[in-house]
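See structure below.
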Protein chains: 2
Amino acid sequence: MPLPKKTPNSPELNAKDRVYQQLRSWIITGTLAPKEKISDQAIAALFGVSRTPVREALQLLATQEFVEMIPRSATRVTAVATDRISTIYRPLAALQGLAAELAAETITTAEVEQLNVLNQRYEQAQQQNQPQAVLLADNAFHDYILKIAANPYVNEFSQLVDAHAQRIENFYLAQLNVQQPDAVREHNEIITAIAADDAVAARERMTQNWLRSMHLLQACVDRAN
Amino acid sequence: MPLPKKTPNSPELNAKDRVYQQLRSWIITGTLAPKEKISDQAIAALFGVSRTPVREALQLLATQEFVEMIPRSATRVTAVATDRISTIYRPLAALQGLAAELAAETITTAEVEQLNVLNQRYEQAQQQNQPQAVLLADNAFHDYILKIAANPYVNEFSQLVDAHAQRIENFYLAQLNVQQPDAVREHNEIITAIAADDAVAARERMTQNWLRSMHLLQACVDRAN
DNA sequence: TAACTTATTGTGATATATCAGAATTATAGT
DNA sequence: ACTATAATTCTGATATATCACAATAAGTTA
């Protein structure tokens, strides 16, 4: 009997990807503060790898605007783009709108059911008033629509832009009012439109859902300044 | 008088970026054929650099799906995604639609004039029946709208997806009918909507412009098979 | 000749070394 | 004490060296 290669479900990531994913997560959650300097030597030592995979991970993060590498100066975490909320949310709204449109064209009844389940969990998280859990549940809902849409470009761009959106949301997490019955209703309307194969309505409602989120966040940021 | 540092307008790119831009261009234009194996050693020798910057450039190209790096096997140029035209064009249509929407919100009369000039050049290129020139002129028109929209995310994603679209178009360049009076008219309607600050109409017309292109290209591909 | 085995090579991944220029600190002169 | 200069450190960029593994070629046996 041949031994199973490694343990199943353990992606056994290489050094570069391990460093990349950890740093990315730290930046999004705010563990690594904006404008914080990143020493590749220190990171290398921390992960027990050499500077090469660290540098490769940093270059990838730089293309995604999570860090900025200033030639002959330093690499640091980028500032949270609190002054570019619409710059981030409008493409996000457009991409998610397309995702809803695509989902409406291919969705199955089982997937509709799953969307309802995810939206119920979202509603529960709101009622329990746990901001972090609300954001996670909202994310799970939208991620599942991306999965149904099954377009790698839409998926990838959406995930990237959303990561920047999440960075801002985490930054204002304390001031954020996550009790939004409107959002639950909007989600239901999105599900209804997608389930009815009404691509136009699905897109329209999804886009509006994101734009409303954008306005709420903008108001929160304005209040903080 | 202090000497000017290097010649102006010469970005003096580093090894990595030099290799990246050249390979990218070669892949889009088809100089590097789909499925062609890329030896980092050979590339390094060709550019007179070491494997390190070549590898960094290849990793960047891999994230953009221009090459695929298969662990412990080989790095090769990806296949031209002729079977994923809608996968590429629908996000492109959505992003360009948003760009038109954003442009409508901020455009100046001088910029409207420039758009008319670019569309006239596009029309002339069509009349001279030079496919390559037509694609370039069309590109210049859409790029200028992206510039007016001034959203780095929309710009970057659009450029990337468009690069994949261009790859397909170059692939079918010979079979492509670039004589499209419809396209010139559509461009004019887009300009009119943007100039009138009618964001909704601008988006709608821009999206339709791309979707029509998509259908034409799809028909061309279907004919070739 | 076909199938199996072994040697060689190619490649991705990583580590280490080097270098130039900027940033920083230390030092000396006023 | 303050400024100017020199030494040092840091960092990005690149080069070179290994290493493990997969693919391929070469050789061997049936």
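The figures here come from the full heavy-atom set of this structure, side chains too, leaving out hydrogens, waters and symmetry mates. Here is the naming used below: chain letters follow the sequence lines, and residue numbers restart at 1 for every chain.
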Problem set entry | Pairwise side-chain contact, B:Gln124 with B:Gln130, heavy-atom cut-off 4.5 Å (strictly under) |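 A side-chain contact is absent here, since even the closest heavy-atom pair is not under 4.5 Å.
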For this session: Indicate yes or no for a side-chain donor-acceptor contact from A:His187 to the backbone of A:Met206 under 3.5 Å, with no hydrogens or angles considered.
Result: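 Here the side-chain-to-backbone pair does not exist.
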Check the distance between [N]'s [atom2] and [X]'s [atom1] and give it to me in whole angstrom.
X       : N      : atom1 : atom2 : value
B:Phe47 : D:dT14 : CZ    : P     : 13 Å
A:Lys16 : C:dT14 : NZ    : P     : 9 Å
A:Met69 : D:dG12 : CE    : P     : 6 Å
A:Gln41 : D:dG12 : CD    : P     : 10 Å
B:Tyr20 : D:dT14 : OH    : P     : 16 Å
A:Ile70 : C:dA22 : CD1   : C1'   : 12 Å
B:Asn14 : C:dA20 : CG    : C1'   : 14 Å
B:Glu68 : C:dG12 : CD    : C1'   : 15 Å

For this session: For the residue pair B:Phe47 and B:Trp26, categorise the inter-ring angle as parallel (less than 30°), tilted (30 to 60°) or perpendicular (more than 60°).
Result: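 Because their plane-to-plane angle lies in the 30° to 60° range, the rings of B:Phe47 and B:Trp26 count as tilted.
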For this session: Report the relative orientation of the aromatic rings in B:Tyr89 and B:Trp210; use parallel for angles under 30°, tilted for 30 to 60°, perpendicular for over 60°.
Result: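 Because their plane-to-plane angle lies in the 30° to 60° range, the rings of B:Tyr89 and B:Trp210 count as tilted.
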Exercise. Once each nucleotide of nucleotides 18-24 of chain D is scored for protein heavy atoms under 4.0 Å, what B/S/- sequence comes out, 5' to 3'?
Worked result: ---SS--
Exercise. To the side chain of A:Glu56, which of D:dG12, C:dT14, C:dT11 is closest?
Worked result: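 In terms of side-chain proximity for A:Glu56, the closest of D:dG12, C:dT14, C:dT11 is C:dT14.
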For this session: Ignoring the backbone of A:Ser50, work out which of D:dT11, D:dG12, C:dA15 is nearest its side chain.
Result: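 Shortest atom-to-atom distance from the side chain points to C:dA15.
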Problem set entry | Any donor-acceptor N/O pair under 3.5 Å between C:dT16 base and A:Thr52 side chain |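 Such a pair is found, so the answer is yes.
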What I want to find out is whether [X] reaches [Y] closely enough, with some N-O distance under 4.0 Å, to be called a salt bridge.
X        : Y       : value
B:Glu65  : B:Arg84 : yes
B:Glu101 : A:Arg90 : yes
A:Asp40  : A:Arg51 : yes

Problem set entry | 5'-most by nearest nucleotide on DNA chain C - A:Val49 or B:Ser39 |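 Going by which nucleotide is closer to the 5' end, it is B:Ser39.
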Exercise. Between D:dC10 and A:Lys37, is there an OP1 or OP2 to side-chain N/O distance shorter than 4.0 Å?
Worked result: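 No, A:Lys37 has no side-chain N/O under 4.0 Å of OP1/OP2 on D:dC10.
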